[in-house]
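Below: one structure, written as structure tokens.
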Amino acid sequence: MKVRRGAIVAVAVFVSGAAVLGMEIAASRVMAPFFGNSLFVWGALIGVVLAGLSIGYWAGGSLADRWPRPGLLAAVMGLGALFVLAIPILDGPVLEAIVRWDPGPRLNPLLAAIVLFGPPSVVLAGVAPIAVRLWAISLATLGQTAGRLFAISTAGSIAGTFATAFWLIPEFGTDQLLGLAAAALFAAAALVALSERLVVLTALVAAGTALAGVAAVQLAPDTGGTIGAVQARNWSPLYRRAGFVKGQEPASTAGLRLLYAKDTRYHRLTVVEDSTERYLRFDNTYQSGMVRGRPFATAFAYADIFHLFRAYNPTAKKVLFIGLGGGSSPKRIWRDFPDVQIEAVELDPVVRDVAYRYFALPRDPRLKVTVDDGRHFLDRHDERWDAILIDAFFADAIPFHLFTNEFMELVRSRLNPGGLVMTNAIGSIAGPSSRLFRSLYRTYRSAFPTVLVHPTNLGRDESDTSIRNLILVATESPALSKPFLAERWQEVRARFPNAPDLRRRILDRHDRAISITGVPTLTDQYAPTDALLLIE
């Protein structure tokens with residue numbers, strides 16, 4: 001009897017450990033559409049789950065000493081399963097309420113994590129100490145029993161982490177995954193109750209298993225419907241402060257039609273559209289846009305500025321894009337400059353597939369797409385380029401390794417003579433929301449003698465404190481004057497009439513001094529991008 005009980009208790013402990021860590025990994029995807037995937041989100045999740053485990057271990061041990069019965073173990077697991085199953089039901093109302101309240105970029109994810117993920121963490125943490133009390137044969141082997149069960153729980157957590165991150169999230173929707181986790185907990189609880197012939201409790205948790213199974217099926221991702229008003233409009237602090245998305249607000253944020261949704265390895269990815277435009281969305285930010293019926297018309301004003309690589313280097317014919325998104329700039333340059341060879345490097349294979357399927361990215365030998373990390377790609381290839389164009393900026397968390405001094409030196413080593421790098425950033429040139437941009441500017445100046453800035457002006461009386469897309473141009477060549485650059489662009493357009501009229505963008509170039517005091521040069525060892533991005 002002891003052997004059978006020990007095996008069943010071990011299964012229960014393993015499943016509980018797997019559910020806790022699997023829930024924590026999935027929690028990042030629950031929060032991402034509302035608060036992004038920043039350091040603050042992960043800090044809140046890890047801190048809340050650890051706090052829940054601490055409380056749960058203490059409470060579970062106290063309960064086990066008072067009621068050392070197998071029914072307690074089954075009941076606690078069933079309650080934990082209910083809390084996990086409640087997350088997909090409550091997450092929308094809870095997150096939308098916090099967004100409306102908006103207590104700040106740190107408190108937003110912290111409060112959400114406490115409400116949604118604190119209770120299941122506390123309850124499921126109680127499983128291990130209860131199991132120790134039940135499985136302990138004598139005081140002489142109590143330490144061995146405790147060590148063995150906590151090792152089994154940790155093994156379950158490891159398995160839950162790897163399974164969730166490497167397989168379950170890419171294969172299932174986040175809500176569906178949580179439903180499956182609840183079903184597994186209910187099933188383990190039913191096994192405990194059944195082994196002890198607890199008829200009523202067995203019936204209850206078996207019913208819970210069936211309920212969670214049905215819920216998991218019902219919670220499968222749906223690629224149709226609309227996006228709620230709060231979720232669609234919940235941009236990062238930069239976007240909310242600016243009142244636009246990557247340079248241009250969607251015509252309608254509420255009720256956007258959902259065409260496609262998938263949890264990829266890196267994002268909660270969605271494709272949405274309104275009556276005039278289609279958008280690619282990562283977590284809580286819009287990344288690309290396309291005018292419906294006009295696939296080469298860029299929906300976001302900043303995207304056309306990348307064409308200026310041809311004004312700064314008229315002979316440039318070999319271009320590398322780091323960051324594909326919906327392919328707005330690469331496909332427009334492919335069409336407008338038929339003598340240019342383009343390679344785009346995109347980290348997420350789902351993004352590449354979505355760009356082909358929903359954003360009319362051409363399949364052509366002149367426009368090659370490679371799935372890789374941009375820095376890893378440059379590290380592995382000695383090939384040189386006439387222009388390297390970088391569009392990998394998220395508004396709530398940026399891939400810092402693509403913005404450090406070391407990366408800039410790598411980029412510089414991969415440029416042909418006269419080559420240039422152009423990078424899209426979001427922020428302001430001065431004021432409280434300028435810290436990250438000024439740090440990027442300082443970092444670029446540490447690697448290149450010439451660094452210029454093209455703000456995306458949209459006719460909204462922008463000033464240096466306005467938050468907008470800011471295109472950095474870095475090169476070893478001397479800076480060209482704005483009149484000369486505008487005249488050269490006219491010559492480019494005479495050869496390539498499909499190219500956009502960018503004279504206004506050229507004349508809007510910010511040639512005044514930009515302060516770099518009070519902000520660091522970003523390095524691989526020190527790149528506090530999340531803190532610099534924060535608007536207090």
Side-chain angles (χ1 to χ4, degrees), residues 235 239 244-251 256 259-260 267 269-274 276-283 285-310 319-338 340-364 366-371 374 387-395 402 421-426 454-458 468-473 496 498-502 505:
W235 308 318
Y239 285 165
F244 65 88
V245 179
K246 278 221 169 182
Q248 189 167 316
E249 187 176 4
L256 287 168
L259 300 179
Y260 179 79
H267 320 280
L269 182 152
T270 54
V271 178
V272 298
E273 66 179 21
D274 56 26
T276 59
E277 294 174 339
R278 181 174 294 171
Y279 301 101
L280 175 64
R281 194 171 188 261
F282 295 165
D283 298 328
T285 59
Y286 290 86
Q287 294 298 313
S288 292
M290 180 183 77
V291 179
R292 295 176 61 186
R294 298 171 56 206
F296 293 102
T298 47
F300 297 147
Y302 84 94
D304 284 342
I305 300 179
F306 281 120
H307 278 63
L308 288 181
F309 79 89
R310 203 65 187 261
V319 175
L320 176 68
F321 264 94
I322 295 178
L324 176 68
S328 300
S329 295
K331 70 184 179 184
R332 180 76 191 267
I333 289 173
W334 169 86
R335 186 201 69 172
D336 294 349
F337 299 134
V340 169
Q341 185 75 31
I342 302 167
E343 181 158 7
V345 179
E346 169 57 48
L347 181 64
D348 192 337
V350 179
V351 173
R352 174 202 58 192
D353 298 341
V354 164
Y356 283 129
R357 180 179 176 186
Y358 291 100
F359 293 91
L361 185 69
R363 295 182 183 271
D364 186 88
R366 281 201 305 112
L367 179 49
K368 179 182 177 183
V369 180
T370 299
V371 175
I388 296 177
L389 313 181
I390 303 172
D391 190 10
F393 199 102
F394 293 175
L402 298 182
V421 55
M422 298 182 70
T423 300
N424 171 47
I426 302 173
H454 286 271
T456 305
N457 293 328
L458 300 173
R468 49 195 163 158
N469 292 86
L470 303 167
I471 306 297
L472 288 158
V473 179
F496 304 102
N498 283 328
D501 185 357
L502 296 178
R505 305 294 185 197

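The line from CD of E343 to CD1 of I388 is 11.0 Å long, rounded to the nearest 0.5 Å. From D353, atom CG reaches atom CG of D348 across 8.5 Å, with rounding to the nearest 0.5 Å. Between L389 atom CG and F321 atom CZ the span is 4.5 Å, to the nearest 0.5 Å. With rounding to the nearest 0.5 Å, the separation of CZ in R366 from CZ in R335 is 11.5 Å. Atoms CG and CE, on D391 and M422 in that order, are 11.0 Å from each other to the nearest 0.5 Å. In this structure, CZ in R292 is found 8.0 Å from OG1 in T276, a value given to the nearest 0.5 Å.
L324 approaches P330 most closely through the heavy-atom pair CD1-CG, 4.2 Å. Heavy atoms only, all atoms of each residue included: G326 and L280 are closest at N-CD2, 3.6 Å. Minimum heavy-atom separation, I305 to H454: CG2-CB, 4.1 Å. Contact record, F337 with H307: CE1-CD2, 3.8 Å, taken as the closest heavy-atom pair. The shortest heavy-atom contact between P295 and A360 is CB-CB, 3.6 Å. The minimum heavy-atom distance linking P362 with L367 is given by the pair CD-CD2, 3.8 Å.
With contacts defined as side-chain heavy-atom distances shorter than 4.5 Å, the pair V351/F282 qualifies. Residues L256 and Y286 have side chains in contact (heavy-atom distance under 4.5 Å, counting atoms from C-beta outward). You'll find the side chain of V319 stays beyond 4.5 Å of the side chain of F306, heavy atoms only. Put simply, the side chain of R332 reaches to within 4.5 Å of the side chain of P500, judged on heavy atoms. Between V371 and E346 the shortest side-chain heavy-atom distance does not fall below 4.5 Å. With a 4.5 Å cut-off on side-chain heavy atoms, V340 and R310 count as touching. Within the 4.5 Å cutoff, the side chain of N498 has no heavy atoms near those of the F496 side chain.
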Run the side-chain contact (heavy atoms from CB on, under 4.5 Å) test on W334 and L361 for me, step by step, so that the C-alpha distance in whole Å, both residues' side-chain angles and the decisive distance to 0.1 Å come before the verdict.
CA-CA 10 Å; W334 169 86; L361 185 69; over 6 Å; no
Check the pair V354, L269 against side-chain contact (heavy atoms from CB on, under 4.5 Å), reporting the backbone distance first and the verdict last.
CA-CA 10 Å; V354 164; L269 182 152; 3.9 Å; yes
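The backbone N or O of G289 sits less than 3.5 Å from a side-chain atom of S328, completing a donor-acceptor pair. Checking side-chain atoms of R352 against main-chain N and O of V369 turns up no donor-acceptor pair under 3.5 Å. A donor-acceptor contact shorter than 3.5 Å links the side chain of R281 to the backbone of D283. The backbone N or O of I390 sits nowhere less than 3.5 Å from a side-chain atom of T423 that would complete a donor-acceptor pair. A donor-acceptor pair under 3.5 Å links the side-chain atoms of K331 to the main chain of F359, judged by distance alone.
Using the six-membered ring where Trp is involved, Y302 and F300 have ring planes that are parallel, under 30° apart on the 30 and 60° scheme.
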